[in-house]
Amino acid sequence: MAQSINITELSLPQLEMLKNQLDQMYVPGKLHDVEHVLIDVGTGYYVEKTAEDAKDFFKRKIDFLTKQMEKIQPALQEKHAMKQAVMEMMSQKIQQLTALGATQAAAKA
C-alpha cells in the first residue's frame, strides 16, 4: 500500500503504474494527476486524497494493523501450543490403542 504512494514522489506528469483490475489481473495505466490519488478505504469505498494525506492514511493503517497483530499474537501462540499438546495426546492414544489391538489379536490367535 504505502509503496504505491511513494511512486507519486517522482513528480512526473504522466506516471506509468499498474492498475489493480479484478484483484487478480494488472494492466498498465497512466496517472495524470500525481498530486491527488484514490485510495481504497474498504468495503468498496474509495476516497480522493492528496498524495501526502494518502501517505498519512496508510501509515496510520499500518500502525493500527501492527498493534492489532501484536495484541493477538500471545493468544495465537497459546492456542498453537494447546493444539500441539492435543495432537501429541491423540498420537499417544492411537499408539496405545494400536498396541492394545495387536496384543488382543495375538492373544486370540
Between Ala54 and Ile39, what is the shortest heavy-atom contact and its length? CB-CG2, 3.9 Å

Atom pair CG/NZ of Leu38 and Lys49 - distance to nearest 0.5 Å: 11.5 Å

Are the side chains of Lys83 and Lys79 in touch, meaning some heavy atoms are under 4.5 Å apart? no

Could you list the residues that satisfy side chain to side chain contact (heavy atoms under 4.5 Å, CB included) with Thr98, not counting sequence neighbours? Ile94

Under 3.5 Å: donor-acceptor pair, side chain of Ser91, backbone of Met87: no

According to side chain to side chain contact (heavy atoms under 4.5 Å, CB included), who are the partners of Tyr45, at least two apart in sequence or on a separate chain? Val41, Thr43

May I ask whether Tyr46 and Phe57 are part of the same hydrophobic cluster, defined by side-chain heavy atoms of I, L, V, M, F, W, Y residues being less than 4.5 angstrom apart, directly or through others? no

Using a strict cut-off of less than 4.0 Å between a Lys/Arg side-chain nitrogen and an Asp/Glu carboxylate oxygen, indicate whether Arg60 and Asp56 qualify as a salt bridge. no

Can you tell me if Asp53 and Thr50 form a side-chain donor-acceptor pair at under 3.5 Å? yes

Pairwise distance NZ(Lys93) to CG(Leu100) - rounded to 0.5 angstrom: 11.5 Å

Test salt bridge (Lys or Arg N to Asp or Glu O under 4.0 Å) applied to Asp63 and Lys59, step by step: CA-CA 6 Å; Asp63 290 344; Lys59 182 180 180 340; 3.2 Å; yes

Could you tell me which residues satisfy side chain to side chain contact (heavy atoms under 4.5 Å, CB included) with Gln68, sequence neighbours excluded, listed by chain and number? Phe64, Lys71

Closest contact, heavy atoms only, Ile62 versus Thr66: O-OG1, 2.7 Å

Assess whether side-chain contact (heavy atoms from CB on, under 4.5 Å) is satisfied between Gln84 and Glu88, documenting all intermediate values. CA-CA 6 Å; Gln84 290 299 104; Glu88 191 174 312; over 6 Å; no

